[in-house]
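Within every chain, numbering begins at 1; the chains are lettered A, B, ... in the order of the sequence lines, protein sequences first and strands thereafter.
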Protein chains: 2
Amino acid sequence: MRIGELAARAGTTTRTLRYYETRGLLPARRDGNGHRTYDEADLTLLRQIRTLQDFGFDLEETRPFVECLRAGHPEGDVCPASLAVYRRKLDELDALIGELQAVRAKIGVRLALAEDPMCELGGQGL
Amino acid sequence: MRIGELAARAGTTTRTLRYYETRGLLPARRDGNGHRTYDEADLTLLRQIRTLQDFGFDLEETRPFVECLRAGHPEGDVCPASLAVYRRKLDELDALIGELQAVRAKIGVRLALAEDPMCELGGQGL
DNA sequence: GCTTGCCTTGACCTGGGCGTCAAGGCTTAC
DNA sequence: GTAAGCCTTGACGCCCAGGTCAAGGCAAGC
């Protein structure tokens, strides 16, 4: 299949596929006209990339998963490098969620104080 | 005080202050040499901006707070426009935190499955 | 008089993941 | 033969909050 069809089947764009190729993430064969040619396995790789991107992974972080699939594994996340990325991502997410919750709490306090400056947040007006 | 001193006292850089000026957020008076001149009130404005930036606010979102202070209020967040930004930010944070937690959960499941493919997460090996 | 240190403006660079032309080539349908 | 529709490469644009030169000016200290 050619680039347009692959893009359509994966719900993305040709520009994205060319970009992945420049990153060395999804290289393509070429036909006689110089057109890129892909097969079903490439669709699988692409879907793996897209899924992880949707999760907020950087492109580079998807590489171990793609290489894992390319190595013949049925899933991209069974390889040690992929698992390491998962674990790092969980740590990052936990840290980020924690920071966001802290910020949320601070803003909540400030909002309450600004809405009712007499309120000391303990319920006792000062 | 001049730009270098203000930047140092606020823990930021002169580049940042010039950038804020181009954005119309923190305009400066000029002395005879054309050098920017600031006073203590500007330091207060700048600290307000920095605090909100640290919370993850866009520069534009800090504008109501700055204008509130400039209007003479002792706090930048007592004005309606500032409160509206607070509320919008809380909603955004709640949505973002929710998404991140959902992603975190999905990755957690995938990690568990990939680490132990026999485990069905219910505790019963299949 | 010369260096040091502050300041000025202007302009390009960064990162991530593409979007959006521009100019051209090949094939197929009419 | 020509228009439509696919493809090619190259290159610039975008977003945001500044970073990082470059070239120059003015004042103080030695």
Hits for side chain to side chain donor-acceptor pair (under 3.5 Å) against B/T51, two or more places apart or cross-chain, chain-then-number order -> none
So salt bridge (Lys or Arg N to Asp or Glu O under 4.0 Å) across residues 40-52 of chain A, not counting sequence neighbours, yields A/R9-A/E40, A/R29-A/D42
Ring pair (Phe, Tyr, Trp, His ring centres under 6.0 Å) pairs touching residues 68-116 of chain A, sequence neighbours excluded, are A/F65-A/Y86
Per-nt protein contacts along nucleotides 4-17 of chain C (heavy atom under 4.0 Å; B base, S backbone sugar-phosphate only, - none) come out as ---SBB-------B
side-chain hydrogen bond (donor to acceptor under 3.5 Å, both in side chains) pairs touching residues 55-66 of chain B, sequence neighbours excluded, are B/E60-B/R63, B/E61-B/R88, B/E61-B/K89
The side chain to side chain donor-acceptor pair (under 3.5 Å) partners of A/R70 (sequence neighbours excluded) come to none
- Query: Between B/S82 (side chain) and B/G76 (backbone), is there a donor-acceptor pair under 3.5 Å?
  - Reply: yes
note: B/D54, atom CG; D/dC16, atom C1'; distance rounded to Å ~ 16 Å
Taken in chain and number order and not counting sequence neighbours, the residues that satisfy salt bridge (Lys or Arg N to Asp or Glu O under 4.0 Å) with B/E75 are none
Residues in residues 39-47 of chain A with a heavy atom under 4.0 Å of DNA chain C, by number, are none
B/L26 CG to D/dG18 C1', in whole Å, measures 15 Å
note: A/E21, atom CD; C/dC18, atom P; distance rounded to Å ~ 15 Å
Residue pairs meeting salt bridge (Lys or Arg N to Asp or Glu O under 4.0 Å), one or both in residues 96-106 of chain A, sequence neighbours left out, come to A/R104-B/D94
Axis-to-axis angle for the helix from C/dG1-D/dC30 to C/dC30-D/dG1, ends of five pairs each, to 10°, equals 40°
Residues pairing under salt bridge (Lys or Arg N to Asp or Glu O under 4.0 Å) where one sits in residues 18-28 of chain B, two or more places apart or in two chains, turn out to be B/E21-B/R30, B/E21-B/R36
Residue pairs meeting disulfide bond (SG atoms under 2.5 Å apart), one or both in residues 31-71 of chain B, sequence neighbours left out, come to B/C68-B/C79
